[in-house]
Enquirer: 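A single structure is presented below for examination.
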Amino acid sequence: MAYWLMKSNPKFFGIEDLQRLKTDRWDGVRNYRARNFMRDDMKVGDQVIFYHSSAKPSGVAGIMTISKAGYPDPTQFHPEHRHYDPIATEDEPRWYMVDVKFEHAFTDVIPLLDLKFLPALEDSLLLKKGCQQLTVIPLEPKHWQAIMDIAETLDLI
């Protein structure tokens, strides 16, 4: 099993939306590095931190799991869709997505500011300069555990 952090702006799709839907697809990713993680590395059962980005505060909002491994994102093929890519074809898709399943919403968001003070995260891609814009980030087990520990300490689980 691998660990991940996936970011979404809660104005468009937040942990509460996933909680209501139970399972949904994680589409619209248009970054090659994030796409490669989804296409090549994510497996059913992998654990994922749901991170609210561009929020006040931005931070960890809950937990989900990968329920379907990477497959072509159909939004890339539809000209009327905001994620349309005119270069992508069904024979040679450019963009991939995964399905995610809701596991748990934290009672409050763990703000990014708090995460920056966790020594166990100092070498994580979440805090690394130049990687902060990635919407899909692999986590090492120690990063996952540090986030779970602070969630438990703050009585958010």
Side-chain angles (χ1 to χ4, degrees), residues 1-39 41-71 73-76 81-83 95-157:
M1 174 178 28
Y3 299 100
W4 304 92
L5 182 143
M6 296 171 75
K7 298 178 182 179
S8 179
N9 184 327
K11 285 193 276 186
F12 299 109
F13 189 78
I15 190 73
E16 295 83 8
D17 298 304
L18 184 58
Q19 184 173 15
R20 180 177 40 80
L21 296 169
K22 307 293 185 228
T23 301
D24 202 13
R25 60 188 200 180
W26 200 272
D27 63 3
V29 173
R30 296 298 184 264
N31 171 283
Y32 287 108
R33 191 168 181 193
R35 183 257 343 240
N36 293 348
F37 290 141
M38 293 171 69
R39 182 190 66 195
D41 300 323
M42 289 184 161
K43 306 290 184 242
V44 172
D46 285 356
Q47 297 287 296
V48 184
I49 296 290
F50 194 122
Y51 184 95
H52 282 175
S53 64
S54 302
K56 291 186 181 185
S58 291
V60 174
I63 304 167
M64 56 189 178
T65 57
I66 301 298
S67 59
K68 183 175 179 181
Y71 60 101
D73 181 342
T75 65
Q76 67 190 308
H81 199 280
R82 68 185 175 110
H83 296 303
W95 306 109
Y96 283 72
M97 63 187 204
V98 295
D99 289 356
V100 294
K101 178 182 167 213
F102 174 81
E103 294 297 335
H104 186 79
F106 291 165
T107 56
D108 202 2
V109 170
I110 303 172
L112 177 61
L113 185 58
D114 290 358
L115 299 175
K116 288 181 177 181
F117 290 104
L118 293 177
L121 294 180
E122 64 188 20
D123 63 341
S124 72
L125 289 180
L126 175 63
L127 303 181
K128 187 175 182 183
K129 248 186 173 170
C131 293
Q132 294 171 341
Q133 296 305 313
L134 282 177
T135 58
V136 177
I137 298 171
L139 295 174
E140 293 179 26
K142 69 177 183 175
H143 302 144
W144 173 272
Q145 193 57 54
I147 293 169
M148 292 301 104
D149 288 348
I150 192 171
E152 191 173 312
T153 298
L154 296 172
D155 201 24
L156 302 176
I157 295 178

Enquirer: For Arg20, check salt bridge (Lys or Arg N to Asp or Glu O under 4.0 Å) against everything at least two apart and list the hits.
Expert: Asp17
Enquirer: Under the side chain to side chain donor-acceptor pair (under 3.5 Å) test, which residues partner Arg35, sequence neighbours left out?
Expert: none
Enquirer: Listing request: all salt bridge (charged side-chain N to carboxylate O under 4.0 Å, His left out) pairs with a residue in residues 41-69, at least two apart in sequence or in separate chains.
Expert: none
Enquirer: Nearest heavy-atom pair of Val29 and Ala34: which atoms, and what distance?
Expert: CG1-CB, 3.6 Å
Enquirer: Nearest heavy-atom pair of Ala120 and His143: which atoms, and what distance?
Expert: O-CD2, 3.1 Å
Enquirer: By ring-ring contact (aromatic ring centres under 6.0 Å, His included), which residues pair with Phe13, not counting sequence neighbours?
Expert: none
Enquirer: Hey, could you give me the NE2/CD distance between His83 and Gln76, rounded to the nearest 0.5 Å?
Expert: 11.5 Å
Enquirer: Which pair of non-hydrogen atoms, one from Gly70 and one from Val98, has the smallest distance, and what is that distance?
Expert: N-CG1, 3.7 Å
Enquirer: Taking side chain to side chain donor-acceptor pair (under 3.5 Å) as the definition, give me every residue that meets it alongside Asp24, ordered by chain and number, with sequence neighbours left out.
Expert: none
Enquirer: Can you pull the salt bridge (charged side-chain N to carboxylate O under 4.0 Å, His left out) pairs that have at least one residue in residues 95-109, sequence neighbours excluded?
Expert: Lys101-Glu103
Enquirer: Report the residues that fulfil ring-ring contact (aromatic ring centres under 6.0 Å, His included) with His52, sequence neighbours left out, ordered by chain and then residue number.
Expert: Phe50
Enquirer: With sequence neighbours left out, write down each residue that passes side chain to side chain donor-acceptor pair (under 3.5 Å) with Arg25, or none if nothing qualifies.
Expert: Asp27
Enquirer: Measuring from Leu127:CG to Ile137:CD1, what's the distance to the nearest 0.5 Å?
Expert: 8.5 Å
Enquirer: Using 0.5 Å steps for rounding, measure from the CG atom of Leu5 to the CD1 atom of Ile147.
Expert: 6.0 Å
Enquirer: Residues two or more places apart in sequence or in another chain: which of them pass side chain to side chain donor-acceptor pair (under 3.5 Å) with Trp26?
Expert: none
Enquirer: Give every residue pair that meets the salt bridge (charged side-chain N to carboxylate O under 4.0 Å, His left out) criterion with at least one member in residues 109-122, sequence neighbours excluded.
Expert: none
Enquirer: Which atom names give the shortest non-hydrogen contact between Ser58 and Ser53, and what distance separates them?
Expert: OG-C, 3.7 Å
Enquirer: Enumerate the residue pairs fulfilling salt bridge (charged side-chain N to carboxylate O under 4.0 Å, His left out) with a member in residues 133-143, sequence neighbours excluded, ordered by first and then second residue.
Expert: Asp123-Lys142
Enquirer: Please identify each residue that fulfils side chain to side chain contact (heavy atoms under 4.5 Å, CB included) with Thr107, with sequence neighbours left out.
Expert: Leu156
Enquirer: Within the side chain of Asp73, is there an N or O that forms a donor-acceptor pair under 3.5 Å with the backbone of Gly28?
Expert: yes
Enquirer: Looking only at non-hydrogen atoms, find the nearest pair between Pro138 and Leu125 and report the distance.
Expert: CD-CD1, 3.7 Å
Enquirer: So, Asn36 versus Arg33: side-chain donor-acceptor pair below 3.5 Å or not?
Expert: no
